[in-house]
Each structure stands twice: as C-alpha cells, then as structure tokens.
Amino acid sequence: MASALETKAKEAYFDDHFELALDLYSQAIEINPKKAELYADRAQANIKLNNLPEAVADANKAIELDPSMSKAYLRKATACMKLEEYQTAKAALETGAALAPEESRFSKLIKECEERIAEENGELPKEMLEEVPTNVVPVKDVSSVKDVPDPMTVAAPTKSTYRHEFYQKPEEVVVTIFAKGIPRECVKVDYGEQIVSCIVLSVAVNAPGKDAYHFQPRLFGKIIPDKCRYDVLSTKIEIRLAKAEPIHWTSLEFSMEVAVPQRINVPSVAANQRPSYPSSKPKRVDWDKIEAQVKKEEKDEKLDGDAALNKFFRDIYQDADEDARRAMQKSFVESNGTVLSTNWKEVGVKKVEGSPPDGMELKKWEY
C-alpha cells in the first residue's frame, strides 16, 4: 500500500500537482513512518509549495532516519536558503558534499551561501576586492602629480531585491522570481526577444516604493513565445517557457562553455496511447506502466477475512474526500478501532466513544 502511494505521489509531483503529491506522501508516511526516502521527497513537495519550515522538518527527519542520504541535506539546505538561513544551509551542504562528492550542485550552492553570508556581514566578495580599481599614488610621487582626482569610495554591493531559480520538464522550463506583494500591472514579461541571433527573456518589475528590477538572460535553448505564460502570485512571479525542442537544459542561461545537447527523438504513438516523454533524469521511470501494474495486481489479488476487510476500508479512504478522511481517522482512533465513520459533521464536534461488538468488552491498551 505504501509503495503504491509513493508511486502515485511521484507521478503527481512530476505533473506539477504538488498539493496532491504532498497528501499522498503523508498517507504513505502514516503507513511506513520509518522510511527516510518518503520524508525527503515530501520535503521537496513542501519546498515547491513554499512550506519552508515543514520542508526543513521533513529533511531533518530523513537525516535522522538515514544520515547517509545526501539528498536530504540538499533539501534542508534549499529550504534554509529560501528562509535566508545561510549559515545553517551551508553546514548542511558541506555534509551533503562529503557524502556525494560527484554532485556539483553542492559546491555551487556552498559558493552562493558564502556570497550571501558575506553580503549580510557587509563584506565585499573576494573576486570584487581583487577587481576594485584604486587611484593610489606612491608617496614619493605625490608632489609631482597635479590634478589627481580624489580616490573613489567603493560602496559594498547592495543585496538584490529579488532572486530567481528554475526547474524543468521535458516540454517546458519554469522560472520563479521570488518577489512579494508585486501588483500584476507592475510586471512586464517579453518572450523570445531577438538580440543578435540569440533568444532573450526580458522581465521588468517596477513596483511603487521598491527598486526597479530587470532580469534579461540569454536562454539556453529556443522557446515558443505564443505558448509561454506567466503568473504573478503573492510571493513570486512564475514564468512558464514552452520548449521548442525536447532537449535537457543544463542551465537557464546560454554559455559557450556548455555543449548543446543532442535532440531527443520522441517515438510516434497511436492516438489512443499516452505519449512517453523524455525525462531530464539520468534514468527514466515509466510511472504509467508501474501504476497499471500495481492496479492489476490489486485487482487480481484474492483476499479473505481481515485482509479483505482492510482492503475494503482502504478503498473507501482512497476514494473519500478530505472531510470523510478526517472523520474516518478521528472515529477510528478515538474509538480504539471499534467505530469507522465518514460523517465529519457528526464526529467532528464530539469525541467518538468505543462501541465493541455484542458479547465483547472494550479494553484500552497501556503504552
């Protein structure tokens, strides 16, 4: 049961149904609360939903259950960076990097944390200190030099008002700019502006009382402007870029150092079949096939006695709405397993008393 829920949760996540994925992972955790993988994956769903404290808690639980799971440290660091807890994020990244030295994301994020920490402390990054020009004249030459302008005071760089990140699916790239309370009329997005034979995404934010923000990256690959769209939410601007070709973008911005990947040919399928898209992951899993196999096994499984009864109750729970599920959980727990109700209006306002079968006595277990 837990494995089937986990499979469905992953499928929901890859389809961008993060709320559904979160609910399915929570159900799987109730059945198998000792599996670290479930907590790490639920942490990622919480990150997508911006439930950052919950994501940190899930990542910590995954680390507690399996201290060698590198991705749990990555999840924790990602959530902490969004919370601007850069010291905590850096510590998690350093531990994760030691566990997975081949994973390049750790070193990149560690560098970003160090830059953020330096900015918070009012320090210039090392690279900028090396590049800052000075108009210092040797003491012995001061008397002979005229009209030398006063040395310029170099101010520490201000912290950017907004920041961005991206993730991708086979058919689109999603760019998120974290900006709180921005009116939609203050945001302008141009897709695919042609500048010297390269595709440029142009984003401008001009909100009253806030610094103007312009984001104009040269994109890694081609897009279809007519199919692109964006949403202005309370905490972020989400831009969805439709890929012109089903290739994996190794970064959001084009770089001469990065080789352009080969186009992935998608085989044609019959009209009544669902297309199988290429995945950006190293190893693609056919979730449709797995789900069909699980459903077939459940259908062919012949149960009797308590097993059949348990399956019956699981099916009811799976197809029920949120109120019915809450009612089932509350009535079952409070009645010590003797009452199972789907009527939330009835059980939600009072404690459900135990009701043992005729001829039997209700006893409470001491833990």
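In this chain, numbering begins with 1 at the start of the sequence shown. Predicted model only: the values in this text are computed from it and were never measured.
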**OP:** List the steps and the verdict of side chain to side chain donor-acceptor pair (under 3.5 Å) for Asn343 and Ser341.
**Re:** CA-CA 6 Å; Asn343 188 344; Ser341 172; 5.7 Å; no
Donor-acceptor contact present, side-chain [X] to main-chain [Y], <3.5 Å:
| X | Y | result |
| --- | --- | --- |
| Tyr73 | Ala89 | no |
| Asn51 | Glu54 | no |
| Gln168 | Trp249 | yes |
| Arg75 | Ala40 | yes |
| Lys169 | Val173 | no |
| Lys222 | Glu245 | no |
| Asp15 | His17 | no |

Original post:
What's the verdict on salt bridge (Lys or Arg N to Asp or Glu O under 4.0 Å) for Lys243 and Glu171, showing C-alpha distance, side-chain angles and the deciding distance?
Top reply: CA-CA 6 Å; Lys243 291 182 180 178; Glu171 71 280 3; over 6 Å; no
Drop me the distance from [X]'s [atom1] to [Y]'s [atom2], to the nearest 0.5 angstrom.
| X | Y | atom1 | atom2 | answer |
| --- | --- | --- | --- | --- |
| Ile47 | Arg42 | CD1 | CZ | 12.5 Å |
| Cys228 | Ile224 | SG | CD1 | 7.5 Å |
| Glu114 | Tyr86 | CD | OH | 13.5 Å |

Original post:
Can Lys111 be said to sit on top of Phe106's aromatic six-ring, NZ or CZ under 6.0 Å from centre and within 45° of the ring axis?
Top reply: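 Ring-cation test returns no.
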Subject >> Asp23 with Lys8: basic N within carboxylate O range, under 4.0 Å >> reply: no
Subject >> Cluster check Val56, Ile110: I/L/V/M/F/W/Y, side chain < 4.5 angstrom >> reply: no
Original post:
Shared ILVMFWY cluster between Ile63 and Leu93, side chains joined below 4.5 angstrom?
Top reply: no
Subject >> Under the salt bridge (charged side-chain N to carboxylate O under 4.0 Å, His left out) test, residues paired with Lys71 that sit two or more places apart >> reply: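 Expected list: Glu37, Asp41.
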**OP:** Assess the side chains of Tyr13 and Gln44: does a donor N or O sit below 3.5 Å from an acceptor N or O?
**Re:** yes
